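Worksheet: one structure, shown below.
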Amino acid sequence: MLSFLSDYTEGAHPKVLRRLNELNMISLPGYGEDEYCEEAKRKVKKFCGRDDLQVQFLTGGTQTNLLTISTMLRRYEAVIAAETGHINVHEAGAIEYSGHKVITLPSVNGKVSGDDLEEYMEKFYGDDTHDHMSIPGMVYISHPSELGTLYSKAELKKLSDVCRKYDMPLYMDGARLGYGLVSNESDLTIEDIVELCDVFYIGGTKVGALCGEALVFTKNNMPKGFVTMTKQQGAMLAKGRLVGMQFDALFTDDLYLEISRHAMKCAMELKEAFIRKGYTLYIDSPTNQQFVILSPEQLERLSKIAAFSVWEKIDSEHIAVRFVTSWATKEEDLQELIRNL
């Protein structure tokens with residue numbers, strides 16, 4: 001069966017596996033305190049265009065979101081996210097489990113609007129009883145969003161300006177960041193993200209690694225005791241080399257962006273095929289997640305040849321589904337799917 005289910009259903013890019021194998025029998029210090037993890041951090045900083053960043057490697061997205069949000073918020077603070085945000089919908093209440101409320105704002109194509117954020121903050125502090133509420137202490141966004149959409153530079157700057165006004169860190173979930181950076185429709189660079197966000201992560205799990213995310217603090221603002229709290233919450237690998245070595249490979253010879261471009265090429269070819277063959281887009285995504293509307297008959301027929309996600313039942317005759325391309329998508333699989341649309 002053809003697989004367009006997600007971008008982490010395969011293992012890892014061969015160059016990542018090769019790097020792990022090359023260094024497999026070398027004895028190294030644990031907990032990411034080895035020279036290869038340090039070299040990977042150096043490469044990540046170079047990619048971001050600044051050498052004064054603080055970089056920490058973690059194994060997965062939920063773990064990264066939980067640690068970042070729970071350690072940067074004060075005990076009485078909450079995090080703001082789009083109602084469709086990953087931390088609100090698909091992380092099993094991990095943030096609430098840490099004792100912090102997720103405050104949701106209306107989703108605008110999967111994104112938080114700067115205007116909506118500003119209006120919410122004005123109303124919040126305009127309420128004389130706000131001391132009896134969970135106080136907003138951070139804004140969480142995803143780029144690309146859950147619907148594959150992208151923030152423009154102007155949109156991100158607006159969010160950043162509001163966060164600065166209210167002294168809140170702006171946190172970007174970059175699980176699929178590579179695919180967003182190489183999109184032809186994006187005007188947002190990694191340098192812009194470094195400038196406008198207080199913390200973000202570069203996703204590896206969905207962009208060619210077996211596992212792993214590179215968390216980047218941009219304002220010398222890594223919480224005091226962050227490493228200790230990583231250990232405390234069971235998120236520290238004894239064999240920290242596992243993640244560091246993968247990022248060392250991903251950020252050698254432009255591999256991270258190269259494999260992201262492959263996924264994007266496949267995604268745009270697939271979107272064009274959907275449109276050409278008369279399918280209706282659920283949302284016009286400029287990234288590797290493509291959403292279309294199917295009839296029950298189309299869903300049944302395509303499900304026999306390809307794996308993809310049922311996203312949302314619109315009504316009895318229309319179902320929104322998601323097809324995802326990745327660094328591992330084979331050209332022959334893509335063409336086979338297109339022939340059967």
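Just so you know, these numbers come straight off a predicted model, no measurement behind them.
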>> If you compare all heavy atoms of Tyr179 against all heavy atoms of Lys206, which two are closest, and at what distance to 0.1 Å?
In response: OH-O, 2.7 Å
> Should the pair Glu22-Arg18 be classified as a salt bridge under the 4.0 Å nitrogen-to-oxygen rule?
Replying inline: no
> Are side-chain N/O atoms of Asp115 and Ser113 paired as donor and acceptor at under 3.5 Å?
Replying inline: no
>> Does Tyr120 have more than 12 heavy atoms from other residues, nucleotides or ligands lying within 6.0 Å of its OH?
In response: yes
> Is Val324 reachable from Tyr8 through a run of I, L, V, M, F, W or Y residues, each pair having side-chain heavy atoms under 4.5 Å apart?
Replying inline: no
> Near Tyr125 OH, under 6.0 Å, is it more than 12 heavy atoms from other residues, nucleotides or ligands?
Replying inline: yes
> Which residue, Asp198, Ile87, Val199, forms the side-chain contact (heavy atoms from CB on, under 4.5 Å) with Tyr171?
Replying inline: Val199
>> Tell me if the aromatic rings of Phe200 and Phe217 count as close, with their centers under 6.0 Å from one another.
In response: no
> Would you find more than 12 non-hydrogen atoms of other residues, nucleotides or ligands less than 6.0 Å from Arg75 atom CZ?
Replying inline: no
> Partners of Lys271 by side-chain contact (heavy atoms from CB on, under 4.5 Å), sequence neighbours excluded?
Replying inline: Glu185, Met268, Ile275, Leu281, Asp284, Gln290
>> Is it true that, when you exclude Lys123 itself, more than 12 heavy atoms of the residues, nucleotides or ligands shown sit nearer than 6.0 Å to its NZ?
In response: no
> Say you draw a straight line from CG of Leu28 to CG of Leu23; how long is it, rounded to the nearest 0.5 Å?
Replying inline: 7.5 Å
>> Let's go through Thr59 and Val243 carefully: what are the C-alpha distance in whole Å and the side-chain angles of both, what is the deciding distance for side chain to side chain contact (heavy atoms under 4.5 Å, CB included) to 0.1 Å, and is it a yes or a no?
In response: CA-CA 7 Å; Thr59 58; Val243 180; 4.1 Å; yes
>> Strictly distance-based, threshold 3.5 Å: is any side-chain N or O of Ser295 a donor or acceptor partner for the main-chain N or O of His318?
In response: no
>> Testing the basics here: between Lys277 and Leu341, what is the closest heavy-atom pair and its distance to 0.1 Å?
In response: CD-CB, 3.7 Å
> Between Ser70 and Ser98, do the side chains contain an N or O donor and an N or O acceptor separated by less than 3.5 Å?
Replying inline: no
>> If you count every heavy atom of other residues, nucleotides or ligands that lies below 6.0 Å from Asp128 atom CG, does the total exceed 12?
In response: no
> If you count the non-hydrogen atoms of other residues, nucleotides and ligands that lie under 6.0 Å from NZ in Lys330, is the total more than 12?
Replying inline: no
> Taking the six-membered ring for Trp, are Tyr279 and Phe274 parallel (under 30°), tilted (30 to 60°) or perpendicular (over 60°)?
Replying inline: perpendicular
>> Under a 3.5 Å cutoff, is there a donor and acceptor pairing between the side chains of Asn65 and Thr62?
In response: no
>> Less than 3.5 Å apart, any donor N or O on the side chain of Ser142 or Tyr140 sitting next to an acceptor on the other?
In response: yes
> Which atom names give the shortest non-hydrogen contact between Lys43 and Thr252, and what distance separates them?
Replying inline: NZ-OG1, 2.6 Å
> When you look at CD of Glu300, are more than 12 heavy atoms from neighbouring residues, nucleotides or ligands closer to it than 6.0 Å?
Replying inline: no
>> I'd like to know whether Lys46 forms a side chain to side chain contact (heavy atoms under 4.5 Å, CB included) with Asp51, so could you lay out the CA-CA distance, the side-chain angles of the two residues, the decisive distance to 0.1 Å, and finally the verdict.
In response: CA-CA 7 Å; Lys46 182 178 179 181; Asp51 60 8; over 6 Å; no
> Do His100 and Glu77 have a side chain donor and acceptor closer than 3.5 Å?
Replying inline: no
> Would Asp7 and Arg176 count as a side chain to side chain contact (heavy atoms under 4.5 Å, CB included) if you check the C-alpha gap in whole Å, the side-chain angles of each, and the deciding distance to 0.1 Å?
Replying inline: CA-CA 9 Å; Asp7 33 24; Arg176 295 184 167 96; 2.6 Å; yes
> Quick one: ring pair (Phe, Tyr, Trp, His ring centres under 6.0 Å) pairs with a partner in residues 41-77, sequence neighbours left out?
Replying inline: Phe47-Phe251, Phe57-Phe247
>> If you count heavy atoms of other groups shown closer than 6.0 angstrom to CG of Asp253, is the number above 12?
In response: no
>> Please evaluate residues Leu147 and Gln289 with respect to the criterion side chain to side chain contact (heavy atoms under 4.5 Å, CB included), reporting the C-alpha separation (whole Å), side-chain torsions for both, the decisive distance (0.1 Å), and the verdict.
In response: CA-CA 7 Å; Leu147 293 174; Gln289 300 180 84; over 6 Å; no
